[in-house]
Amino acid sequence: MCYNKTVKTQGRAPLWEALLNYRRQRLNSWHTPGHKNGAYTWPGWRQTLGEETLALDLTEVPGLDNLACPAGAIRKAQEKAAAFYGAARTFFLVNGASSGLMAVIMATCRPGDEVILPRYAHRAVFSGLILSGARPVYLPEEWLASPVVPLGVTPAALARTLKDHPRARLLILVHPTYEGIVPRTRELIDLAHAHGLAVLVDAAHGAHFGLEPRLPPAPLALGGDYVVQSTHKTMGALTQAAMLHLRQGEAAETVAASLNLIQTTSPSYLLLASLDTSRLLAEERGRRDWSRTVDRVLQLRQKLAAAGIPCLESEDVRGAAAAGLDVTRLVIPATAFGTGGIEAAAYLRRAGQEVELAGPDYILLIITPGDGWDKIASLFQALVRAAKVLPAGGGEQGKQLFHPWTGRPRQVLTPREAWLAPRREVSLKEARDRICAELIAPCPPGTALVVPGEVLDEGVLTVLASFRGEEGRVWIVDH
């Protein structure tokens with residue numbers, strides 16, 4: 001997302017306007033959805049959501065266009081999004097950012113093609129590998145020692161991998177990680193382009209990047225060819241609504257065809273309209289709102305540090321692999337509370353504060369323009385109380401559900417080959433040296449422990465037993 005600064009505001013939300021115009025006609029509905037403008041819904045549901053909300057849950061009627069082949073209001077809304085984000089083409093996604101990741105992999109890769117990626121890629125990436133038949137090539141990652149989170153991959157590591165795999169087709173980057181850490185994206189993209197690779201950037205957690213100078217740069221501005229953003233995660237869209245941006249338009253029709261294989265043929269117009277209005281909100285108020293939010297977050301970080309609750313900071317992560325982090329994502333090591341992250345999160349929930357993620361050795365919180373001073377103040381007070389009252393040395397402090405290691409499981413089948421092969425479920429004790437038939441990616445941090453097609457050796461099974469238990473089970477290829 002470049003956030004085209006020549007586009008101050010386009011002042012319109014075409015799809016939202018089309019929905020309102022259609023609603024004003026008050027036509028009798030003899031089509032789906034079957035709730036008929038909310039008339040046939042549970043009364044408590046209708047009372048809570050309201051008649052007007054349910055009446056806007058529409059389908060592909062005249063004037064509302066068709067997501068599978070947009071030519072009217074949806075197309076105009078996508079074009080306005082592309083103009084604002086600096087893309088040649090933008091697609092609205094109603095099956096989450098996952099559908100965008102899978103569609104790009106399917107559009108760019110064929111069975112046997114090599115895809116270079118970090119192991120901590122989102123599980124949808126591995127779904128894309130299964131659907132396309134592509135073969136993964138994993139980059140060695142750098143990890144932070146405490147809390148245990150991935151930092152990224154170094155340009156030097158990518159250069160070595162490109163040399164060893166000259167026929168690779170696609171590089172996948174994560175910008176930022178779940179914890180808000182951004183890699184040296186421009187250097188990595190330049191390396192990939194120099195070797196003829198296209199670059200897909202998973203920017204699911206960075207839809208707001210580029211709106212404020214103190215936030216990380218948007219990956220389209222850094223040269224990403226395909227950028228997927230979860231607009232619902234940090235912007236004003238409804239849950240599940242996302243966007244896919246293409247830097248150039250040559251592959252647009254192939255990507256569109258892939259999306260039509262994955263996305264529903266009955267898209268929610270409420271989700272689509274939320275993308276349209278979220279873009280308009282970003283145009284009209286995004287820079288101001290996010291500037292105010294960054295100011296608030298920086299003050300909160302200072303207050304927490306003074307209270308003995310330091311957050312992860314840019315200087316803690318910056319190095320050969322990481323360029324910095326998103327200050328609006330608060331990663332707080334559990335050492336500040338003298339207990340584990342899961343216990344700290346449970347205490348905060350009882351205090352009325354729900355965190356985004358609780359790991360064994362940290363908690364993660366997200367702050368957006370939707371969080372005012374009063375709400376932030378209540379969070380600060382709860383964190384300070386947690387640091388005072390939680391029992392030191394209790395809980396899961398220091399325990400890891402995932403142990404990063406330099407060696408990876410041996411790959412003997414592609415993810416697609418393993419997925420399509422006959423399979424059966426066995427105990428962990430029976431699984432040694434068998435081929436895994438499922439994706440196992442414990443979260444946090446979400447890193448793939450085993451990918452379909454990899455051998456379940458003793459080291460992998462030891463880690464697997466640490467969170468599935470000694471009596472746990474796993475799906476294997478049944479040769």
Side-chain angles (χ1 to χ4, degrees), residues 119-120 122-123 141-151 176-181 205 233 297 300-301 303-313 315-317 322 325-367 371 376 378-405 428 440-450 459-472:
R119 191 83 176 186
Y120 56 81
H122 188 270
R123 63 184 305 114
E141 306 133 0
E142 301 287 326
W143 286 71
L144 191 65
S146 180
V148 180
V149 294
L151 291 172
T177 65
Y178 199 156
E179 294 78 20
I181 299 170
H205 297 282
K233 282 186 166 64
V297 171
L300 174 61
R301 283 174 171 267
K303 291 180 65 176
L304 286 171
I309 310 173
C311 301
L312 196 65
E313 300 287 354
E315 54 266 27
D316 299 324
V317 303
L325 53 73
D326 174 9
V327 295
T328 67
R329 296 178 91 82
L330 303 183
V331 176
I332 305 179
T335 51
F337 308 105
T339 186
I342 295 171
E343 289 69 34
Y347 174 87
L348 290 170
R349 184 181 301 112
R350 293 192 296 271
Q353 314 291 335
E354 191 74 82
V355 306
E356 166 68 16
L357 176 70
D361 58 351
Y362 68 97
I363 58 173
L364 169 64
L365 306 95
I366 300 173
I367 298 178
D371 299 309
I376 292 174
S378 72
L379 171 64
F380 172 73
Q381 293 165 5
L383 289 168
V384 171
R385 286 196 302 270
K388 291 179 179 178
V389 305
L390 284 173
E396 301 292 321
Q397 183 181 359
K399 179 181 176 182
Q400 295 174 207
L401 292 182
F402 177 80
H403 300 262
W405 61 83
L428 295 180
I440 304 173
C443 189
T447 299
L449 174 58
V450 195
V460 171
L461 290 172
T462 298
V463 179
L464 191 53
S466 72
F467 62 90
R468 286 196 173 179
E470 294 294 337
E471 302 302 317

How many angstroms lie between atom [atom1] of [X] and atom [atom2] of [Y], to the nearest 0.5 angstrom?
X	Y	atom1	atom2	answer
Gln381	Ile376	CD	CD1	12.5 Å
Phe337	Arg385	CZ	CZ	12.0 Å
Glu470	Leu464	CD	CG	10.0 Å

Min side-chain heavy-atom separation [X]-[Y] under 4.5 Å:
X	Y	result
Val463	Leu449	yes
Tyr362	Ile332	no
Val327	Arg301	yes
Ile363	Leu357	no
Leu364	Val355	no
Leu312	Leu144	yes
Asp361	Thr335	no
Tyr178	His122	no

Partners meeting side chain to side chain contact (heavy atoms under 4.5 Å, CB included) with Pro176 (sequence neighbours left out):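 Testing Pro176 for side chain to side chain contact (heavy atoms under 4.5 Å, CB included), a comparison that skips the adjacent residues, returns Val182, His205, Phe209.
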Which heavy atom in [X] sits nearest to a heavy atom in [Y], and how many Å separate them?
X	Y	answer
Pro442	Thr447	CD-O, 3.7 Å
Asp371	Ile366	OD2-O, 3.8 Å
Ala358	Gly341	CB-O, 3.8 Å
Leu390	Ala344	CD1-CA, 3.8 Å
Ile309	Ala387	CD1-CB, 3.9 Å
Pro360	Ala334	O-CB, 4.3 Å

Derivation of the side-chain contact (heavy atoms from CB on, under 4.5 Å) call for Leu304 and Cys311: CA-CA 8 Å; Leu304 286 171; Cys311 301; 3.8 Å; yes
Donor-acceptor pair, side chain of Glu141 and main chain of Arg119, under 3.5 angstrom: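 Pair found, side chain donor or acceptor close to backbone of Arg119.
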Expected output: side-chain Thr177 to main-chain Ile181 donor-acceptor under 3.5 Å: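 Present.
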Heavy atoms from other residues, nucleotides or ligands near CD of Glu315 exceed 12 (cutoff 6.0 Å):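 Counting other residues, nucleotides and ligands, CD of Glu315 exceeds 12 neighbours.
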Arg468, CZ: over 12 other non-hydrogen atoms inside 6.0 angstrom: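 Atom CZ in Arg468 is packed in, count exceeds 12.
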Side chains of Gln353 and Tyr347, donor plus acceptor under 3.5 Å: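 Note: Gln353 and Tyr347 side chains miss the donor-acceptor criterion.
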Salt bridge flag under 4.0 Å for residues Glu356 and Arg329: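 Salt bridge flag = no for Arg329 with Glu356.
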Stepwise side-chain contact (heavy atoms from CB on, under 4.5 Å) check, Trp143 with Leu151: CA-CA 5 Å; Trp143 286 71; Leu151 291 172; 5.8 Å; no
